Amino acid sequence: QLQLVESGGGLVQPGGSLRLSCAASGFTLDYYAIGWFRQAPGKEREGVSCISSSGGSTNYADSVAGRFTISRDNAKNTGYLQMNSLRPEDTAVYSCTAWAVIITTKKESRYWGQGTQVTVSS
């Protein structure tokens, strides 16, 4: 089965840290960019961060820049989001996605994970 599975969410106090993982199964992430999105109750989904297939290029939302770090380990077929200095406003369901353009068809191939809850509260 081709899928992404997130893990690492949970309850953390303000100022704390969590590391989210996004593991691919049934396909290799080598040629896919990876992105993290989040959605808080009553709010639209927000792009948090993304990383290129090589890992050489990363981008962050202004709201998390300097606190979150995205990375990937292609040998483990997994992407990561290290979240430090967490704030209550970071509370949301975090989902990972992987996408690539298939050269032969020029169509996008995209997978989504099921999401993991992150709650920042004292």
Side-chain angles (χ1 to χ4, degrees):
Q1 186 175 3
L2 310 179
Q3 61 179 354
L4 293 174
V5 179
E6 299 102 335
S7 61
L11 173 64
V12 64
Q13 292 187 342
S17 298
L18 284 174
R19 188 176 81 155
L20 305 183
S21 298
C22 173
S25 63
F27 70 103
T28 178
L29 279 174
D30 288 13
Y31 305 109
Y32 285 76
I34 298 171
W36 288 92
F37 287 77
R38 67 184 181 185
Q39 188 164 23
K43 295 189 176 181
E44 292 187 355
R45 187 171 64 186
E46 172 190 21
V48 175
S49 181
C50 59
I51 186 169
S52 62
S53 57
S54 68
S57 178
T58 58
N59 283 286
Y60 298 92
D62 289 344
S63 56
V64 306
R67 299 187 298 123
F68 290 11
T69 302
I70 192 170
S71 63
R72 62 189 300 154
D73 186 339
N74 285 351
K76 295 183 178 179
N77 220 23
T78 300
Y80 303 97
L81 185 68
Q82 177 68 43
M83 306 185 296
N84 299 329
S85 302
L86 283 161
R87 304 166 180 169
E89 54 264 37
D90 293 318
T91 295
V93 174
Y94 285 71
S95 300
C96 67
T97 181
W99 71 94
V101 176
I102 306 302
I103 294 176
T104 54
T105 64
K106 293 184 171 53
K107 291 185 178 180
E108 182 182 85
S109 173
R110 182 180 286 270
Y111 299 94
W112 284 93
Q114 81 288 352
T116 185
Q117 177 70 46
V118 171
T119 302
V120 185
S121 175
S122 54

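As the structure is a prediction and not an experimental result, all values here were calculated from the model.
Side-chain atoms of E6 come within 3.5 Å of backbone N or O of G115 as a donor-acceptor pair. Under the 3.5 Å distance criterion, the side-chain polar atoms of S52 are matched with a main-chain donor or acceptor of S57. Judged purely by atom type and a 3.5 angstrom limit, Y94 has no side-chain atom pairing as donor or acceptor with the backbone of L81. For the pair R67 (side chain) and S85 (backbone), a donor-acceptor distance under 3.5 Å is present. Judged by distance alone, the side chain of N77 and the main-chain N or O of L29 form a donor-acceptor pair under 3.5 Å.
Residues S17 and Q82 meet the side-chain proximity criterion, which asks for heavy atoms closer than 4.5 Å.
A side-chain N or O of Y32 and one of S109 form a donor-acceptor pair less than 3.5 Å apart. Side-chain N/O atoms of D73 and T78 include no donor and acceptor closer than 3.5 Å. Side-chain N/O atoms of T91 and Q117 include no donor and acceptor closer than 3.5 Å. A side-chain N or O of T97 and one of R110 form a donor-acceptor pair less than 3.5 Å apart.
The environment of F27 atom CZ is dense: over 12 non-hydrogen atoms of other residues, nucleotides or ligands sit within 6.0 angstrom. A 6.0 Å sphere centred on CG of L2 holds more than 12 heavy atoms belonging to other residues, nucleotides or ligands.
Counting all heavy atoms, side chain and backbone alike, G8 lies closest to L18 at O-CD2, 3.7 Å. Between W36 and S21 the shortest heavy-atom distance is CH2-O, 3.6 Å. Residue A92 comes nearest to R38 through the heavy atom pair CB-CB, 3.8 Å, listed as atom of the first residue, atom of the second, then distance. When all heavy atoms of S121 and P14 are compared, the pair lying nearest together is C-CD, 3.6 Å.
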I'd like to know whether I34 forms a side-chain contact (heavy atoms from CB on, under 4.5 Å) with W99, so could you lay out the CA-CA distance, the side-chain angles of the two residues, the decisive distance to 0.1 Å, and finally the verdict.
CA-CA 7 Å; I34 298 171; W99 71 94; 5.7 Å; no
Could you give me the CA-CA distance, side-chain angles and deciding distance for M83 and V118, then say whether side-chain contact (heavy atoms from CB on, under 4.5 Å) is met?
CA-CA 10 Å; M83 306 185 296; V118 171; 3.8 Å; yes
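Aromatic pair F37/W112: ring centres closer than 6.0 Å.
With Y80 as the aromatic partner, R72 does not meet the cation-pi criteria of under 6.0 angstrom to the ring centre and within 45 degrees of the ring axis.
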